[in-house]
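Data block below; observations after.
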There are 2 protein chains.
Amino acid sequence: MAVGVGQVTALESGEAPFDAALAARICWYYFKEGQTQDAIAQRLGLTRKRVNRMLSDARDTGLVQITIAGPVAPCVALECRLVERFGLREAVVVPSPAEGTDVRSVVGAAAGWWISERLPPSGSLGINWGGTIHAAAQNLARRVGQGNTVVLLCGGLAESTAINPYDNAASFARALDATCYYVTAPMYTETQALRDALVESDPVRRVLAMVETLDLALMSAIDLTARSKALEYGVISRDLWRSLREAGAVGEICGHYLDPAGRPVDHPIADRTIRPHLDALRRVPQRVLAAGGRHKAPVIRAAIAAGLVHVLITDEAAAQNLLR
Amino acid sequence: MAVGVGQVTALESGEAPFDAALAARICWYYFKEGQTQDAIAQRLGLTRKRVNRMLSDARDTGLVQITIAGPVAPCVALECRLVERFGLREAVVVPSPAEGTDVRSVVGAAAGWWISERLPPSGSLGINWGGTIHAAAQNLARRVGQGNTVVLLCGGLAESTAINPYDNAASFARALDATCYYVTAPMYTETQALRDALVESDPVRRVLAMVETLDLALMSAIDLTARSKALEYGVISRDLWRSLREAGAVGEICGHYLDPAGRPVDHPIADRTIRPHLDALRRVPQRVLAAGGRHKAPVIRAAIAAGLVHVLITDEAAAQNLLR
DNA sequence: CGGCCGAAGACACATATGTGACGCAGGCGG
DNA sequence: CCGCCTGCGTCACATATGTGTCTTCGGCCG
């Protein structure tokens, strides 16, 4: 119970810590003791509705984490085949969710779990952005004071959507109790001159240079199919989308637009994008790609071909497409 | 209902010993995707009941593991174990502060919060003294005109330290807008005759008798380890400390020195101490002990054994020691 | 060969859960 | 000072869940 500390009363210290404690307690009673929500509400003097809401909040924010131990056989088979076919270090395949539901949350959950397991103490982690990464953030095992570092590998978005890059990074940093470095610049600029000025500027340059120091990079990929979320959210305009496709791009990773063979495509946007160097990314010792959904298969293939993937975290549908 | 290829494979392979694969898949759909059991059953061609049973089996066998993140999670676990192990009505465990800092302020803060929540309007509250109680006083939610009563359950200290009993009581009374009753006598006298005379005197007798009317008693405990604050403050002389330890005492609550089994020890100081009767204390309907720090574990155990504790408010370190 | 037995399904029902409608109070800006 | 608006509590109801009972089915044993 993080009631107020020292002379500070609970109220003065703000509701946040108290709420977290209460939420944790509720989760314990509900998930561990199997109490009914009603009973918990009575026991703690709350309304059932409140308990109910806190429980779903807890699930959303990752306060409770549900892990499934045993290997899911078919997925394990796919994992083995992916590793073998593409020469990966490791593959994680999760069952595809029902048609119409969002694959990113389940792939992200797997990614969060993977990072929790594999990020060393004092490790330095690079991330980019996207719904998958956002979901990963919600599924990290909490750390305290291990001296981790989180580096955001892309610029920000001016319009704050639910999956803003800065928020992604902040969520990671909060969960890992990490120092966080942000690229204080937009994802891409309107002119090349501005891009050049920004990447030369001290704060941006310093953060982008940190890619050389990373232990681990967790990246998602943007596809350029008609189902692209980037298109849906307006992060990529329809005109840009069309011209990228015409230029032969199948998707984007960390600001790099790749053709099916994993080569960067020639497109003006490249000169206006703020991004780490591709070669620098290729020097990160452990590179993890988290992307799911069958429409992501081409960009995943491209990313692998580009040498950006040591570890692939994906879903059944994408895995099957990749192996076809 | 569209069934994914992987699922068909799983079904057609018809594992007679419905291996962990199916169970894991069901768990995945249920916990990760939030599908309804009915939907899962339809999707996999099973009955809902079967899905239901596999889910509860999975929980029992640990195939799914639910963990609660956040710093307070282990505390909630400890609370539950304390309640169960010692037959308490309630336990509150706060995270232990960093080594070297004072645990009493955080335990006291929790105690203050607890009292604020649970002391009924017009309720009568007994307290003793100590740093923990002092901290509790600082963390009470203010009340106005609810007709509360505060009764100090011990004598005073002539030398005014920061944690003078009278000041403790006054702080409580001020915060609760309560009428306050003080034991107008020292904590212990130099002779038994004086003690006897004092407890027979009208004001002292009347206040001590009020213990029978209390709704709630909030008590801290003095330990007799080398780290005892009472020793450090000189409230207990080193000679007294040594002889109490030799007599088998592990600590003191409200003037009662207890051995590890919770029995009063035989020691001359007992006859010179001004204190409520142990049996009277045991008749207080709700008895709360607030004490933290690992060195308090023995006296907490003694207090519980003595039947003085309905509600224990402590810290992680002490809780762990208690459960060992 | 026939009956026994256990596993698993169908059905039913009592709870538990999630969610929307409504209304109240407290904070805030006009 | 007043009205609006947000947040929360209450109520109500549609689903979802857990569990019992009865039945069926298939294997096993006498």
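Below, read A as the first sequence line, B as the second, and so on, with proteins coming before strands; counting in each chain starts at 1.
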Item to check | A:Ser56 side-chain N/O to C:dG18 phosphate OP1/OP2 under 4.0 Å | outcome: no
Item to check | B:Arg89 and B:Gln286: CA distance, side-chain angles, deciding distance, side-chain hydrogen bond (donor to acceptor under 3.5 Å, both in side chains) verdict | outcome: CA-CA 9 Å; B:Arg89 291 185 187 162; B:Gln286 185 90 312; 2.2 Å; yes
Checklist entry - Partners of B:Ile66 by side-chain contact (heavy atoms from CB on, under 4.5 Å), sequence neighbours excluded? => result A:Phe31, A:Ile66
Checklist entry - CD of B:Gln146: more than 12 outside heavy atoms within 6.0 angstrom? => result yes
Short N/O separations, protein against nucleotides 20-27 of chain C, under 3.5 angstrom:
residue : atom : partner : partner atom : Å
C:dG20  : O6   : A:Lys49 : NZ           : 3.3

Item to check | B:Met54 CE - D:dT19 P separation (whole Å) | outcome: 17 Å
Checklist entry - Considering only heavy atoms and no angle criterion, is a donor-acceptor pair shorter than 3.5 Å present between the side chain of A:Arg53 and the base of D:dG9? => result no
Next on the checklist: I want to check one thing: is the phosphate of D:dA16, taken as OP1 and OP2, less than 4.0 Å away from some side-chain N or O of B:Tyr30?
Outcome noted: no
Checklist entry - Rounded to the nearest Å, what distance is computed from the CZ atom of residue B:Arg48 to the P atom of nucleotide C:dA12? => result 13 Å
Next on the checklist: Let's go through B:Arg25 and A:Glu316 carefully: what are the C-alpha distance in whole Å and the side-chain angles of both, what is the deciding distance for salt bridge (charged side-chain N to carboxylate O under 4.0 Å, His left out) to 0.1 Å, and is it a yes or a no?
Outcome noted: CA-CA 12 Å; B:Arg25 184 174 292 271; A:Glu316 266 179 294; 3.4 Å; yes
Next on the checklist: Measure CG/A:Leu44 against P/D:dG9 and give the value in whole Å, please.
Outcome noted: 13 Å
Checklist entry - Under a 4.5 Å cut-off applied to non-hydrogen side-chain atoms, are B:Leu312 and B:Phe86 in contact? => result no
Checklist entry - Please give, in whole Å, the distance from D:dT17 C1' to B:Phe31 CZ? => result 12 Å
Checklist entry - A:Asn52 has a side chain; which of C:dA10, C:dA16, C:dT19 sits nearest to it? => result C:dT19
Item to check | Presence of A:Thr47 side-chain N/O under 4.0 Å of D:dC8 phosphate oxygens OP1/OP2 | outcome: no
Checklist entry - To the nearest Å, how far apart are A:Gln37 CD and D:dT17 C1'? => result 12 Å
Checklist entry - Counting side-chain heavy atoms from CB outward, which of D:dT17, C:dT17, C:dG9 is closest to B:Arg50? => result C:dG9
Next on the checklist: Please evaluate residues B:Thr314 and B:Leu82 with respect to the criterion side chain to side chain contact (heavy atoms under 4.5 Å, CB included), reporting the C-alpha separation (whole Å), side-chain torsions for both, the decisive distance (0.1 Å), and the verdict.
Outcome noted: CA-CA 10 Å; B:Thr314 189; B:Leu82 285 170; 4.3 Å; yes
Checklist entry - Could you state the CG-C1' distance from A:Asp57 to D:dC8, rounded to the nearest angstrom? => result 14 Å
Item to check | Spacing between B:Ile40 atom CD1 and D:dG18 atom P, to the nearest angstrom | outcome: 11 Å
Checklist entry - For the pair made of CD in B:Gln35 and P in D:dT17, what is the distance, rounded to whole Å? => result 11 Å
Checklist outcome for this item: With sequence neighbours left out, the residues meeting ring pair (Phe, Tyr, Trp, His ring centres under 6.0 Å) with A:Tyr181 are none
